[in-house]
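These numbers come from a predicted model, not from an experiment. Labels below follow one simple rule: chain letters A, B, ... track the order of the sequence lines, proteins then strands, and each chain is numbered from 1.
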Protein chains: 2
Amino acid sequence: MAEHVEKQITDSEWEVMRVVWAQKHVTSKEIIEVLEKKMSWKPATTKTFIGRLVKKGMLSTEAEGKKFIYSANVVEGDVIRETLHDLLDHICDRDVGNTIGTMITQATLSVQDIENLKKILEMKESEAVEDIPCTCTPGQCRCQDHSCGSRH
Amino acid sequence: MAEHVEKQITDSEWEVMRVVWAQKHVTSKEIIEVLEKKMSWKPATTKTFIGRLVKKGMLSTEAEGKKFIYSANVVEGDVIRETLHDLLDHICDRDVGNTIGTMITQATLSVQDIENLKKILEMKESEAVEDIPCTCTPGQCRCQDHSCGSRH
DNA sequence: ATTTTAAGTTTACAATCGTAAACGTTTTAT
DNA sequence: ATAAAACGTTTACGATTGTAAACTTAAAAT
């Protein structure tokens, strides 16, 4: 599992994928209905995105009976992971911890979530490093100049 | 602080912004040099992105002496927050906790980071909810059908 | 003072994206 | 059996993005 998703998906395509992920296999009619409601897209618009996703290899079609049934070729988690990875590519490694902190601060979490996260953090403790090296390109981060704490 | 950043920035533009954020004010020459090295961009390419960022209002120019000095109109943290927010827009509220978990799992964290995050989590505990309501559009998430745990 | 050089601005151009109509087939309803 | 509806495919078209050359003007070097 955890296939590497090379292809990025756009915001609009993501809307379509969510419908497919939510059901296991869907017809275009269902996708169109959901997004007509949510996004106010004309049926033609949704059709375009479906077509592009099929071309990109994100969706599979199988003629079930007479019409097409769509199913996803990538799992939601992988797309999320890939997106997060892209974001982390834009920030200094030393700043990742703070960014996660921001996320936690802004999120609504359940007691269960917090429980889980605490557990994950504890496991992380074993491999925690004293000082994270900055691997930024010189000129794109202050860490090189003077030893900066995180979140400059 | 924490201005709302309406304008999205593209990956390429982000590269430019990082150079500006790293120094407080830079000349185009410096930006060009850094990105010629890192991205193998021709000077003209970097110039284009600088121009677009100025037009978008992300960068300010002030003629210091004879030439221009660029400085950022948005802080890095806000752009990061905005990007994270956009990502969260694509996933079910009930799944945010897990997504953060994924992030923590994949990140390299320092002992200090873990310490901080634990503290944040503890503070979060007070406002932790028992069950996070799913606010997804019907048809884009399974939570509606049957009570699903997070990460379906 | 002229020529070079550097900086900023314009123009270019293909690829992708958002948005959608039009078209060709196949089903389904009349 | 025909007409109408539905589905997938093509075509369209302006906006944004990545990539960069060309142009203009001002500064620096000779």
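Rounded to whole angstrom, the span from the NZ atom of Lys55(B) across to the P atom of dA15(D) amounts to 13 Å. For the pair Ile50(A) CD1 and dA6(D) P, the computed distance is 16 Å after rounding to whole Å. dA7(C) atom P lies 12 Å from atom CD of Glu36(B), rounded to whole Å. Spacing between atom CZ of Phe68(B) and atom C1' of dA26(D) amounts to 11 Å, rounded to whole angstrom units. Whole-Å rounding puts the Trp14(B) CH2 to dT17(D) C1' distance at 16 Å.
By the 4.5 Å side-chain criterion applied to Ile, Leu, Val, Met, Phe, Trp and Tyr, Val111(B) is assigned to no cluster and stands alone.
Listed by chain and number, the residues in a side-chain contact (heavy atoms from CB on, under 4.5 Å) with Lys47(B) are Ile32(B) (sequence neighbours excluded). In this structure Glu33(B) satisfies the side-chain contact (heavy atoms from CB on, under 4.5 Å) test together with Lys29(B), sequence neighbours excluded.
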Could you run down nucleotides 12-25 of chain C 5' to 3' and tag each one B, S or - for protein heavy-atom contact under 4.0 Å?
B----BBBBB----
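Contact record, Glu13(A) with Ile9(A): OE1-CA, 3.4 Å, taken as the closest heavy-atom pair.
Pairs passing the salt bridge (charged side-chain N to carboxylate O under 4.0 Å, His left out) check and including a residue from residues 116-138 of chain B, sequence neighbours excluded, read Lys118(A)-Glu125(B), Glu125(A)-Lys118(B), Arg94(B)-Asp131(B), Lys124(B)-Glu127(B).
Relative orientation of the Trp14(A) and His90(B) rings is parallel, given thresholds of 30° and 60° on the angle between their planes.
Of all the residues in residues 25-32 of chain B, Ser28(B), Lys29(B) reach under 4.0 Å from DNA chain C with at least one non-hydrogen atom.
Between the Asp113(A) side chain and the Ser110(A) main chain, a donor and an acceptor come within less than 3.5 Å of each other.
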